[in-house]
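Values below: all heavy atoms of this structure, side chains included; hydrogens, waters and symmetry mates excluded.
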Amino acid sequence: DIEVKRMKSYYNQEEFNTFTIKSVYSQTEFQYLLDPEFKGFRNAEKDQKVGLFFHQYDNKKRIKAIEGIVEAFGNDIVVYGNWKNKEHDERFKGSVNFDELQNILPSIKYTYCYPITPGDISGKWVEAVANGIIPFFDSTYDSDRLLNKHLGVSEWLWVSSPEEMKQKIAYLE
């Protein structure tokens, strides 16, 4: 159940009414699999160990977490998205359009999912799995572990540090 506050009225924006809304995990991230032309999972040579897909937003905690993953993997990682002051770092590839991304995704082995806000679930992990990429989840991603409870996604894929992710990838390799 989620408690929601709404203004009493347009004219009275200082006072609020509180409502309780029943919230149900509806697995909306699976909309990424609704492609009518989907012919099955795409396999390609996995020539990139870790690929990240993030833009540099103002959320300093999120940026620090992503930069920690980048530093942990050194040259075994690439980052797609807009990042300031990273033009001379070969690991940062910049933004790519949707068609380019579809050609890049199948060549990546692992990725990292970090929520925009703690607890969130995005479609990034579904897109990863559809392209044969093993997703690792930050410990704050899907904090209720709905993916585990409803879909059987292994708890082993949640990591609390870049070092833990690196150790798990070393184990898989």
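- Asn12 and Glu15 are linked by a side-chain donor-acceptor pair at a separation below 3.5 angstrom, with hydrogens and angles left out of the test.
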Should Phe137 and Val153 be marked as a side chain to side chain contact (heavy atoms under 4.5 Å, CB included) after you check the CA-CA gap, both sets of side-chain angles, and the distance that decides it? CA-CA 11 Å; Phe137 306 103; Val153 174; 3.8 Å; yes
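- Taking a cutoff of 4.0 Å between a charged side-chain nitrogen and a carboxylate oxygen, Glu173 and Lys109 qualify as a salt bridge.
- Interatomic distance, CG of Asp144 versus CD1 of Ile121, reported as 8.0 Å (0.5 Å rounding).
- For the residue pair Asp99/Gln102, the side-chain donor-acceptor check at 3.5 Å is not satisfied.
- Under a 3.5 Å cut-off, the side chain of Glu164 and the backbone N or O of Ser160 do form a donor-acceptor pair.
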Decide yes or no on side chain to side chain contact (heavy atoms under 4.5 Å, CB included) for His55 and Ser95, but give the supporting numbers first. CA-CA 8 Å; His55 293 295; Ser95 194; 3.8 Å; yes
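- With rounding to the nearest 0.5 angstrom, the CD atom of Glu100 is 6.0 Å from the CD1 atom of Ile104.
- Taking the ring centroids of Phe136 and Tyr112, they lie at or beyond the 6.0 Å cut-off.
- Remark: side-chain polar atoms of Asp142 are paired, donor with acceptor, to backbone N or O of Leu147 under 3.5 angstrom.
- With hydrophobic clusters built from ILVMFWY side chains whose heavy atoms lie under 4.5 angstrom apart, Trp125 does not share a cluster with Ile116.
- Leu157 CG to Tyr141 OH: the interatomic distance, rounded to the nearest 0.5 Å, is 11.5 Å.
- In this structure, Val79 and Val70 have side chains that are in contact, with non-hydrogen atoms separated by less than 4.5 Å.
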Could you give me the CA-CA distance, side-chain angles and deciding distance for Glu127 and Phe53, then say whether side chain to side chain contact (heavy atoms under 4.5 Å, CB included) is met? CA-CA 11 Å; Glu127 192 170 20; Phe53 306 91; over 6 Å; no
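- A pairwise comparison of heavy atoms in Gly119 and Ser143 identifies CA-OG, 3.3 Å as the closest pair.
- Looking at Thr111 and Ile134, their side chains never come closer than 4.5 Å, going by heavy atoms from C-beta outward.
- Val78 approaches Gln48 most closely through the heavy-atom pair CG1-OE1, 3.5 Å.
- Side-chain contact between Leu52 and Ile69: present, with at least one pair of heavy atoms (C-beta onward) separated by less than 4.5 Å.
- Between the side chain of Lys166 and the main chain of Ser161, no donor-acceptor pair closer than 3.5 Å is present.
- Checked for salt-bridge contact, Glu71 and Arg91 meet the test: a charged N lies under 4.0 Å from a carboxylate O.
- Tyr171 OH: 12 or fewer foreign heavy atoms inside a 6.0 Å radius.
- In this structure, the side chains of Lys49 and Ile169 come closer than 4.5 Å at one or more pairs of heavy atoms.
- Although no hydrogens or angles enter the test, the distance criterion places no donor-acceptor pair under 3.5 Å between the side chain of Lys8 and the main chain of Glu14.
- There is no side-chain donor-acceptor pair under 3.5 Å between Tyr114 and Thr140.
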Hey, mind stepping through Phe92 and Tyr80 against side chain to side chain contact (heavy atoms under 4.5 Å, CB included) and telling me if it holds? CA-CA 6 Å; Phe92 290 82; Tyr80 295 93; over 6 Å; no
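- Of all heavy-atom pairs between Glu3 and Thr18, the closest is CG-CG2, 3.2 Å.
- Counting heavy atoms from C-beta on, the side chains of Glu67 and Lys86 come closer than 4.5 Å.
- With hydrogens and angles left out, the side-chain atoms of Thr117 and Asp120 include a donor and acceptor closer than 3.5 Å.
- Counting all heavy atoms, side chain and backbone alike, Ser139 lies closest to Trp158 at CA-CD1, 4.1 Å.
- Using a 4.5 Å heavy-atom threshold, the side chains of Pro115 and Asp138 count as touching.
- Few gaps surround CG on Asn97; more than 12 heavy atoms of other groups in view lie less than 6.0 Å from it.
- The local environment of CD1 in Ile21 is crowded, with over 12 non-hydrogen atoms from other residues, nucleotides or ligands closer than 6.0 Å.
- A cation-pi arrangement is absent between Arg6 and Phe16, since the terminal nitrogen or guanidinium carbon is not both under 6.0 Å from the aromatic centre and inside a 45° cone about the axis.
- The shortest distance between side-chain heavy atoms of Asn82 and Gln56 does not fall below 4.5 Å.
- The shortest side-chain heavy-atom distance between Ile133 and Leu105 falls under the 4.5 Å cut-off.
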